[in-house]
Every structure is written in structure tokens, then in C-alpha cells.
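Working notes, beginning with the structure itself.
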Amino acid sequence: MHHQLLQPLRLCASRRLTSPGKTLHANILKLGLDRYGALPNTLISMYGKCGLIKDAVQLFDEMPQRDPVSWASILTAYNQSNLPNHALSLFPFMFTRDSLQPDHFVFASLLNSCAALNALRIGQQLHAQFMLSPFSSDEVVKSSLVDMYAKCGSVDTARSVFDTISSKNPISWTTLISGYARSGRKSEAVDLLRDMKESDLFSWTALVSGLIQSGHLISAFHLFIEMRKEGIKIIDPFILSTIIVASANLSSLELGKQVHSLVLKLGFQSSLYISNSLIDMYAKCSDIIAAKTTFHGILTKDVVSWTSIIVGLAQHGRAQEALSLYDDMVSTGIKPNEVTFIGLIYACSHVGLVSKGRDLFKSMVECYKLNPNLHHYTCLLDLYSRSGYLDEAENLLNSMPFEIDEAVWASFLSCCKRFGNTQMGIRVADRVMELGVKDPSTFIVLSNVYAGAFMWEKVAKVRKMMVSMDVKKEPGYSCVDLGRENEVFYAGEMCHVMKDEILVLLKDLDEEMRRRGYVPDVSFVLHGLGFKE
DNA sequence: GTAGGGTTAG
């Protein structure tokens, strides 16, 4: 009897059919078969795959007799519920409570947890235990070792494990290609794919998306085109969504639109991943209307859809629209996540909605039980300081559980200067000096603050530091998309072909701004340091 | 019961 129940349970697991799975469990209990054969372990695995981790854990804890299969099932369940740390902390009880030894399935699951957590030390310990175990030649475990080392930043070790695999399959190849590509080792990644006899859509996706993650955007596009020429069929939308991300990062509306038409041609427009990345792409490429159209065209929007449009609107300075969409989102019953709040506080920051931003931060912690990270504190700090709430900003700075980086210090410092709080400016500047400075623009802000307080010895000290570190400021530039071409303008550039037209336009704009009440602030201008600003 | 590729973040 219990054999006939295994198949439907496995079907529920693979198709994520939660309620039929529960019904089957109820029937199994009624028949008194819940301790029969493979049924207990299959139930754990079914609950894990359906995302019901609590039910899986309860079954596991209440089992009178656990075996390595039960352990592999619960460890995998934790990984699939995004709780790899629970898997690692449970594992020692396999020895102490159950007197069992890990098998190859258990090793593979645990290495997966390490990869997700960047836990290199534990990964190395498991590697040693694996080598001493009777399973030391298992090739699935070796593939997970390759992945673990690559994800923990040790790509060369990943390579040496890969070389010990005697019969490599497409999965082991793809794992290493992805590792090289994500670490930015372009030529090794490409060479590996070319050495691979049976490259498939998976390996190409790993290559292209890894290169996009490491910033090799143009190469990624060339490889994508090569893949199409090779005749690899695009049978799922994964690679298209990464290519959309690349268009967004290149700020190229032209490329983004082309990829969008390819999406339509191949029929993947209903994929949520695709629509979500299109929202972001259109927003980053300045077409906020197309971003909104994409968003409203989605039938079942998820948190990422809502978050993407909120962030996009915030970046376009449309704070009110972003905030009112947030209200719509909550009333639709979608719970915001950490990223949503970054977008919301960011929106407030750009229009000076201080108390709204403060309330949102509070509701994030109190209503949604989300842990604010460095980005949230940075946004909130930015909100206070840009709006001139310098005391709140300084209090936050002193009470937050994170170390902010130099750019954030510099931004706060320039706000002290802008709002004329000389004492706080000096206090903060002294702290920044102690922490050490690397970025040329930070030196400039520091020098401005000290100069504003007539502290000439400190100004001289900053100058000396700049000279001794051979600081050179990279000239700022902006980039204008002219359809087929890009035009790059450097600050201080005086040899452009359209120089005369540009200067006339600039003069007109300047006069118009002054007519509307703009008073230029020249107190920031730094003389005699050889900077072209 | 185990291993590979995808979206949002100053």
C-alpha cells in the first residue's frame, strides 16, 4: 500500500502542490502508514520542496528512527527555504544525537549551504571529512565542492577540484564556467566554454550572466550574439533577463528595446522575471513611462515588480507617485521587503520628506520585523542630512550598528558645510581624518570645511596628505545618448567641435536660472591645487 | 534524499 503513495507524494514535491501534498499526508496518517518504508523521508522532502519548512522540521524531530536519507531531506529542505545556516547548525547532531555518518547526499547538501553563506572555513572542513569518507570519489559532491570554492572566492581551488573529476558532465563544467565568469576572469571562462563539447543553454547562461555580474557588459552582448549564431535554442527566459540587466547597466535604451522585441518574438513576455527586469531597465534608461506601462501590464505582480517601479520612480524624483504606489501595494496584500524600504526612504530623501521617511523606517522594523542594513541607515542618514536635520543625522551616525564608508562620510560632511554648521563640520572632519582618506573628492570636502572655519593649519595638512598620496582627481564626465552614438563630455573640456554652440546655450541657461532666483555658491571653489573642477 | 544558469538596493 505505502508504495502506491510514494509516487503521488513525489509528484506533489516536484510540482510544489502544497494542498494535495497535505491531503496525502492526512490520508497516510488515517491509514496508519506514516512510519512505513520511505514514506516518512518523502514527506519531509515534500514539505521542504513546497516551502513548508516548519512541517518538515516537525516530522524530522518526531521521527523515532532517522537515517542518512532523513538527514539529507531536512538539510535540503533548509537550503530550499533559504535557511542554509540552520542546516549547518543542525548537522553536528547527526553525530551526537543519532550516531550517524554523513553520506554523499548529506555532503552535497551541506556544501550547498556553505556556498550560500560564503562559509569557506566550514566548507574546507567538510572537504576534509569527505575525502576521508567512503564516498570520496563521488562526482556530484565534487561538483558541489567546485561551486562552494568558486562562490567563496577561491576559484583556483575550485579549478583544482574540477581537474580531479574523471568523467565531467555538463553540470560540473557549467559550475566552473560560472565561477570564472562571476570573478571577472573572462578569458578563462570563455576558454572553458569553448573546450566543452556539449555546451548548452545552461552553460551559455552561466557565462553571459556571470560576465554581466562582473561588469563585462559588452563582451556579454558579443557572446550572446555568438550563442544565437551557434543555434542554441532559447527555451527558457533566464538568459534574456540577464541581457536586459546588461542593457540597463549600459543605460542603453536602444539595446534594451531590441532585447524587448526579441522577448516578444520568442514569446517570453509573460515571464515575471522578464517583466521585472524590463521595469528596471526602462527606469534606468530614462523611459519611466515605458517602465510604468510594463508594470501595469503585469497580471500578478510580486514584491519585486512593486519594488522595481518604486525604486525607478524614486530615481526619477517622483516621490509622491512612489509613495502612493506603496499604499496600493500594501492594500493589494503584498508585503514589502528590505529593498522596498530602500526605495521608499530614497524617494523621501530626494524631496525632503523627513518625517515620512522616519515613519517608514519605523514601520519597517516594528510592523514588518525587517532588519535594517547598512543601506537603510545610509538612506536615512542621507534623508536627515540633505534636509538639514544635522543633529538627527549625527545621533543616528553614533547609534547605528554599522560602519559607514568614506563616500557616506564625505556626503554627510558636505551637508554640514552646506547648512553652515561649522562646529559639527570640524567634529566630523576630524573623525574622517582619523579614519583615513582615499578618495580625492573627500580631500576636497575636508579642505572646504577647514577653510570655511579658517583653520589654515588643517587645510595645509590636508594638502600635504594629498601631495604625499599623489592624489589626482579623475575629471567628471557626462554621457549623452544620441541614438546610434554616445557623446562623452569631460568637465573643463574646451576643445569640443560644438564648443561655441554649447557655451552659448550654457550662458542662456545660466541667465535663466539667475532670473528664477538661483544664487551660485562659489565658497566651494578650491584654488591653487591644480584641479579642473 | 545530492551538484549548474535568472529580477529589485546609496
Side-chain angles (χ1 to χ4, degrees), chain A residues 10 13 38 41-42 44-46 48-49 67-77 79 102-112 115 135 138-148 150 165 169-179 181-182 200-210 212-213 236-245 248 268 271-281 283-284 302-312 314-315 336-343 345-346 349-350 373-383 404-405 407-408 411:
Chain A
R10 288 187 182 133
N41 290 336
T42 312
I44 293 176
S45 149
M46 183 275 293
K49 295 232 159 59
D67 60 14
V69 181
S70 332
W71 278 87
S73 307
I74 195 67
L75 296 173
T76 305
N79 286 340
D103 66 3
H104 43 313
F105 289 83
V106 170
F107 279 122
S109 293
L110 289 168
L111 288 166
N112 209 327
F135 309 96
D138 185 90
E139 294 181 349
V140 172
V141 179
K142 286 187 182 174
S143 278
S144 13
L145 277 167
V146 172
D147 193 44
M148 182 278 292
I165 303 178
N169 63 18
I171 297 184
S172 34
W173 285 89
T174 305
T175 308
L176 189 59
I177 290 173
S178 171
R182 280 188 316 249
D200 58 7
L201 183 61
F202 265 63
S203 42
W204 280 96
T205 308
L207 177 66
V208 170
S209 83
I212 291 167
Q213 282 169 43
D236 63 39
F238 283 34
I239 197 160
L240 294 171
S241 63
T242 64
I243 283 291
I244 296 169
V245 173
F268 290 116
S271 154
L272 194 54
Y273 271 104
I274 292 285
S275 316
N276 290 347
S277 39
L278 282 172
I279 296 173
D280 182 55
M281 182 277 290
K284 288 210 169 86
D302 69 354
V303 215
V304 179
S305 328
W306 288 95
T307 302
S308 303
I309 192 67
I310 286 171
V311 170
Q315 284 165 344
N337 66 17
E338 285 92 346
V339 187
T340 319
F341 281 101
I342 291 182
I345 303 170
Y346 184 70
S349 163
H350 281 249
N373 61 32
L374 176 61
H375 286 299
H376 298 102
Y377 283 103
T378 304
C379 282
L380 196 59
L381 190 72
D382 198 54
L383 167 67
I404 58 170
D405 66 22
V408 182
S411 145

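By convention in this document, chain letters (A, B, ...) are assigned in the order of the sequence lines, proteins followed by strands, and residues within each chain are numbered from 1.
- Among the protein residues, A:N79 comes within range of no part of the nucleic acid, since none of its heavy atoms lies under 4.0 Å from any strand.
- Applying the side chain to side chain contact (heavy atoms under 4.5 Å, CB included) rule to A:N276 yields the partners A:L272, A:I279, A:I298, A:D302, A:V304, A:S305; only residues at least two apart in sequence or on another chain are considered.
- Residues forming a side chain to side chain contact (heavy atoms under 4.5 Å, CB included) with A:A407 (at least two apart in sequence, or on another chain): A:D405.
- Atom NZ of A:K142 and atom NE2 of A:H104 lie 13.5 Å apart (nearest 0.5 Å).
- Using a 4.0 Å heavy-atom criterion, one finds that A:F107 contacts no nucleic acid atom at all.
- Every side chain to side chain contact (heavy atoms under 4.5 Å, CB included) that A:T378 has, sequence neighbours left out, goes to A:L374, A:V408.
- You can see that DNA chain B meets the heavy atoms of chain A within a 4.0 Å-exclusive cut from B:dG1 to B:dG10, reading 5' to 3'.
- In this view, A:P237 and A:F268, A:S271, A:I274 satisfy the side chain to side chain contact (heavy atoms under 4.5 Å, CB included) rule, not counting sequence neighbours.
- A:D405 comes within 4.0 angstrom of a nucleotide base, judged by non-hydrogen atoms across all strands.
- Using a 4.0 Å heavy-atom criterion, one finds that A:D280 contacts the sugar-phosphate atoms exclusively.
- With sequence neighbours excluded, the residues satisfying salt bridge (Lys or Arg N to Asp or Glu O under 4.0 Å) with A:D382 are A:R386.
- No contact: A:V208 has no heavy atom under 4.0 Å from any strand.
- Within 4.0 Å (heavy atoms only), A:V304 reaches at least one base atom of the nucleic acid.
- Residue A:L272 is out of contact with every strand shown, counting any heavy-atom pair closer than 4.0 Å.
- Counting non-hydrogen atoms under 4.0 angstrom, A:D236 reaches a base of the nucleic acid.
- The residue A:A38 sits apart from the nucleic acid: no heavy atom pair falls under 4.0 Å.
- The residue A:D147 sits close only to the backbone: its heavy atoms come under 4.0 Å of sugar-phosphate atoms, none of a base.
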